Amino acid sequence: MKILNAIKYLMAIAAIVFIFFNWQVSIVLFIIGTLLHVFPLGPNPLLSVITGELVIAGLIFLFINWKIGVALIISGFMVAKFRVWGNKKNYEYYDEKNKNKDDNKEKEYIA
């Protein structure tokens with residue numbers, strides 16, 4: 001975990017330095033650092049950050065090339081729908097598992 005934090009901070013510093021030389025490299029380093037920052041939190045926050053980055057990039061690209069911008073925005077919404085679907089399936093799985101667990105406890109009390 002300490003190595004991940006060190007890499008994350010080095011990426012942030014490198015992104016700040018590269019702003020003066022090459023802004024595209026700086027943006028890539030910033031995005032990688034953001035993903036490394038969210039990665040240990042789990043899939044839900046990670047998908048949330050990816051959705052946000054795709055939508056923001058899509059809004060920026062609307063001014064440069066509208067086809068790429070629309071594609072990025074649509075892919076961001078697809079990732080958001082996948083995240084909602086995954087949360088729903090996760091809730092259903094654990095809700096069913098807890099119901100089965102409660103049923104087993106009732107059978108133990110009856111027996």
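Every value quoted in this text rests on a predicted model; they were computed, and no experiment measured them. Numbering starts at 1 and runs along the sequence shown.
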Fill in: same_hphob_cluster(V79, F82) at 4.5 Å side-chain heavy-atom cutoff
yes

Discussion item. Just to verify, which of I31, L35, L41 counts as forming a side chain to side chain contact (heavy atoms under 4.5 Å, CB included) with V49?
Written reply: L35

Response to the item:
CD1 of I3 to CG of L36, rounded to nearest 0.5 Å, is 12.5 Å

Worksheet entry | Hydrophobic cluster identity match, I27 and L59, side-chain contacts under 4.5 Å | no

Worksheet, complete the sentence: Minimal heavy-atom distance between L29 and A14, with the atoms involved, is CD1-CB, 3.8 Å

Worksheet item: Mind checking whether F30 and W23 sit in one hydrophobic cluster, side chains of I, L, V, M, F, W, Y counted as touching below 4.5 Å?
Response: no

Fill in: F21 side, atom CZ; S26 side, atom OG - distance, nearest 0.5 Å
11.0 Å

Worksheet item: If you group Ile, Leu, Val, Met, Phe, Trp and Tyr by side-chain heavy-atom gaps below 4.5 Å, do I74 and V55 land in one group?
Response: yes

Response to the item:
Output for pair (I64 CD1, I68 CD1), nearest 0.5 Å, gives 8.5 Å

Worksheet item: Would you say I56 and L72 make side-chain contact, with heavy atoms under 4.5 Å?
Response: no

Practice prompt. Determine whether M78 and K81 make a side-chain contact, defined as any pair of heavy atoms from C-beta on separated by less than 4.5 Å.
Written response: no

Practice prompt. Sort and list the pairs that fulfil side chain to side chain donor-acceptor pair (under 3.5 Å) and have at least one residue in residues 44-61, not counting sequence neighbours.
Written response: N44-R83, N44-N87

Discussion item. Please report the interatomic distance CD1(I60) to CG(N65), rounded to the nearest 0.5 Å.
Written reply: 14.0 Å

Worksheet item: In terms of hydrophobic clustering (I, L, V, M, F, W, Y; side-chain heavy atoms under 4.5 Å; direct or indirect links), are Y93 and L47 co-clustered?
Response: no

Worksheet item: Taking the side chain as C-beta and beyond, is there a heavy-atom pair between L54 and I73 under 4.5 Å?
Response: no

